[in-house]
Amino acid sequence: MATVRFGFTPAPVHVRTARLVAASVAQQARLSPDLLDEVRQAAGEACTRAVARHRRHGVDALVRMKFAIGARFVAEVADFAPVTRTDMLDDAADSMELAAGPTDEDTLTEEVALTLLSGLVADLQVMDAPNGIGSTVRMSWPL
Amino acid sequence: MATVRFGFTPAPVHVRTARLVAASVAQQARLSPDLLDEVRQAAGEACTRAVARHRRHGVDALVRMKFAIGARFVAEVADFAPVTRTDMLDDAADSMELAAGPTDEDTLTEEVALTLLSGLVADLQVMDAPNGIGSTVRMSWPL
Amino acid sequence: MELTIHTRTAGTRTVVDVGGEIDMYTATSLRERILQLLREGVTALAIDVNQVEFCDSTGLGVFIGASRRLREMNGSLIIVCARPQMLKIFQLTGLDKVLDIRDSLPTDG
Amino acid sequence: MELTIHTRTAGTRTVVDVGGEIDMYTATSLRERILQLLREGVTALAIDVNQVEFCDSTGLGVFIGASRRLREMNGSLIIVCARPQMLKIFQLTGLDKVLDIRDSLPTDG
Ligand SMILES: Nc1ncnc2c1ncn2[C@@H]1O[C@H](COP(=O)(O)OP(=O)(O)O)[C@@H](O)[C@H]1O
Ligand SMILES: Nc1ncnc2c1ncn2[C@@H]1O[C@H](COP(=O)(O)OP(=O)(O)O)[C@@H](O)[C@H]1O
């Protein structure tokens, strides 16, 4: 099974490269061309959410993205920001909550990103680290 | 200083993504547009050499590429294949040696890649790991 | 691809034409441009996203923020969008029910 | 971008027209095509690289291998190249002194 990893200092500019990487790796894995835009957007959203979380908590550690090419195409994006109680309650807010919701930009971005991911990706898991530091977005698509 | 990392299972197809990553990271670091093709080719050559070395020695470990964006734009590509005596003697062969040289494809690729890198990149270092496992190509360009 | 932002007037409404990619890297300049218009007293705003090639959650966040601020000011925000790719992300997030999205600018401005 | 390989005849010479990207991923198919021509008895070969967008060391390795094999067979290899980007990598490696590189196909085939 092939693995591709991409890690980056949590800055918005690198999320663009992350989208390129996701689309390139997916294309070379021969993912259906219909799914390429979805993978590109989804990987971008997961990285955007991770950068927003690192920024909100002042965490400098690299955001990590990993692809596994096997029976399915699996993408994982891991952040290393503390998991707060609010994060857990607010997972994938509905649109009314979003419209009325947080005014802090990074928190809003995190919620919108999760809501968009929930709508976009059929196989999506968001896992908080057992020790409370970091969360991972795991997504997969058929090959 | 910003860091971007890219790691991949040593297969030729991922070298294409590695070139994309190098060009994208260099462009976003605002490297002079004149140098982008050179960075793309050089990062590709270093990764090609690493994949050839892993393949020749049957090493499955990921090839690693790392970019550091600071006073200069620094790219490092690390492999994890044993350093053999021949490798050291054959560094950056001249064209007559290449033409008469090794018939095994991966060895030829390694030598041509190093020769090309020596011609292409002004600030180039090739370092063998002190323990004899792995080598790193380090290159830098002005920002 | 970089973001382009142009402002024009249509009747009594101020229209912001956006093109390119709206993502975490470019959204700040769009947010700043809109805040500046609100500070200048604009209360009837339209954002035309028909030339947008890519938009992520950060871009949606800018629309949500603008909509919220204009509601507080008793102003109004119209999103002009006929692009299927953009409509899809409004639908996926349910924002099509919260934002006033039209396929073209209303003729009354 | 994928590699394209077309074969034609010009006088007594077999010409392989190559286009796209020659890299570690695509070089194998070019190498195989050339070996097949040699097995079929071709001894006068030209490789036209004027439509090549990108070529790395693996591609150069294919040219070196073809040149070496043809020399052993008392055959001849011409590389047709007028593209500055490609000429640069031949010069950087010194292969311009080892390979017979011409800017167009000689009229005697
Ligand atoms: N995307 C990535 N970018 C950079 N480094 C990474 C990335 N993913 C993992 N690593 C590094 O690789 C090593 C192995 O990480 P680990 O989490 O055990 O990998 P895996 O997720 O494959 O089990 C760690 O030391 C970590 O620093
Ligand atoms: N390009 C890369 N891709 C994936 N993982 C990497 C990469 N570079 C480093 N790592 C992982 O990150 C961790 C830190 O590696 P290290 O070599 O100490 O980094 P550095 O080169 O920054 O000192 C290691 O566990 C290694 O597995």
Side-chain angles (χ1 to χ4, degrees), chain B residues 8 10-20 22-23 34 36-38 40-56 63 77 92-122 124 137, chain D residues 1-3 20-35 38 45 47 49 52-73 75-79 81 83-101:
Chain B
F8 58 100
V13 68
H14 301 307
V15 175
R16 311 195 122 190
T17 305
R19 289 201 300 268
L20 271 184
D34 305 345
L36 288 182
D37 273 343
E38 182 174 317
R40 193 171 80 103
Q41 177 118 26
E45 294 301 337
C47 289
T48 294
R49 171 179 176 275
V51 172
R53 285 175 48 72
H54 279 219
R55 190 158 65 179
R56 183 154 66 89
V63 169
V77 176
D94 76 19
S95 59
M96 293 303 163
E97 286 168 5
L98 289 180
T103 47
D104 142 58
E105 279 154 29
D106 284 332
T107 310
L108 181 61
T109 295
E110 287 172 48
E111 295 194 7
V112 180
L114 270 191
T115 305
L116 191 46
L117 281 170
S118 313
L120 201 59
V121 182
L124 171 77
V137 174
Chain D
M1 207 225 241
E2 294 307 312
L3 190 71
E21 300 198 343
I22 317 180
D23 65 6
M24 197 176 214
Y25 185 59
T26 59
T28 309
S29 60
L30 180 60
R31 187 186 296 113
E32 289 307 319
R33 185 76 190 95
I34 290 169
L35 287 178
L38 301 193
L45 186 68
I47 306 176
V49 296
V52 171
E53 308 283 340
F54 179 83
C55 178
D56 75 0
S57 48
T58 331
L60 296 180
V62 173
F63 305 146
I64 293 170
S67 153
R68 191 186 290 158
R69 280 205 173 70
L70 280 159
R71 209 177 317 115
E72 285 165 8
M73 299 161 62
S76 82
L77 173 68
I78 292 175
I79 306 284
C81 179
R83 226 189 153 87
Q85 217 187 329
M86 280 291 295
L87 288 173
K88 189 180 169 195
I89 69 167
F90 285 123
Q91 280 153 15
L92 287 174
T93 48
L95 288 172
D96 57 335
K97 296 185 210 83
V98 177
L99 298 171
D100 183 1
I101 301 172

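All figures in this text were calculated on a predicted structure; none of them were measured in a lab. Scope of the values below: all heavy atoms of this structure, side chains included, with no hydrogens, waters or symmetry mates. Order of the sequence lines fixes the chain letters, A, B, ..., with proteins taken first and strands second; residue numbering starts at 1 for each chain.
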Inset, instruction - Considering only heavy atoms and a distance below 4.5 Å, find which of B:G44, B:C47, B:A113 pairs most often with chain D. - result: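 Ranked by contacts with chain D, first place is B:A113.
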Legend entry - Within 6.0 Å of CZ in B:R55, more than 12 heavy atoms from elsewhere: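 Yes - once you tally the heavy atoms of other residues, nucleotides and ligands closer than 6.0 Å, there are more than 12.
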Legend entry - Separation between CD of B:E45 and CG of D:L60, rounded to the nearest 0.5 Å: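 Spacing of CD (B:E45) from CG (D:L60) equals 7.5 Å.
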Inset, instruction - May I ask you to say whether D:E53 pairs ionically with B:R40, meaning some side-chain N is under 4.0 Å from a carboxylate O? - result: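 Salt bridge flag = no for B:R40 with D:E53.
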Legend entry - Toward chain D, the part of B:A11 with a non-hydrogen atom under 4.5 Å: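 Neither the backbone nor the side chain of B:A11 comes within 4.5 Å of chain D.
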Inset, instruction - Of all the heavy-atom pairs spanning D:D23 and B:R16, show the shortest one and how long it is. - result: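 Where D:D23 meets B:R16 most closely, the heavy atoms are OD2-NE, 2.9 Å.
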Legend entry - Minimum heavy-atom distance B:T48-D:M24, with the two atoms named: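 Residues B:T48 and D:M24, closest heavy atoms: O-CE, 3.4 Å.
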Inset, instruction - Look only at the side chain of B:E105 and the backbone of D:V62, and say whether a donor-acceptor pair between them is shorter than 3.5 Å. - result: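 Between the backbone of D:V62 and the side chain of B:E105 there is no qualifying donor-acceptor contact (under 3.5 Å).
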Inset, instruction - Check whether any side-chain heavy atom of D:K88 sits under 4.5 Å from a side-chain heavy atom of B:L120, and report yes or no. - result: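 Result yes, sub-4.5 Å side-chain heavy-atom pair found.
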Inset, instruction - Among the options D:K97, D:Q85, D:R31, pick out the one with the most heavy-atom pairs lying under 4.5 Å from chain B. - result: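 Sorted descending by pairs with chain B, the first entry is D:R31.
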Segment of [X] engaging chain B (4.5 angstrom heavy-atom cut-off):
X: D:S67; result: neither
X: D:I64; result: side chain
X: D:F54; result: side chain

Legend entry - For D:S57, the option from B:L108, B:T109, B:T115, B:L117 that meets side chain to side chain contact (heavy atoms under 4.5 Å, CB included):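 Of B:L108, B:T109, B:T115, B:L117, side chain to side chain contact (heavy atoms under 4.5 Å, CB included) with D:S57 is met by B:T109 alone.
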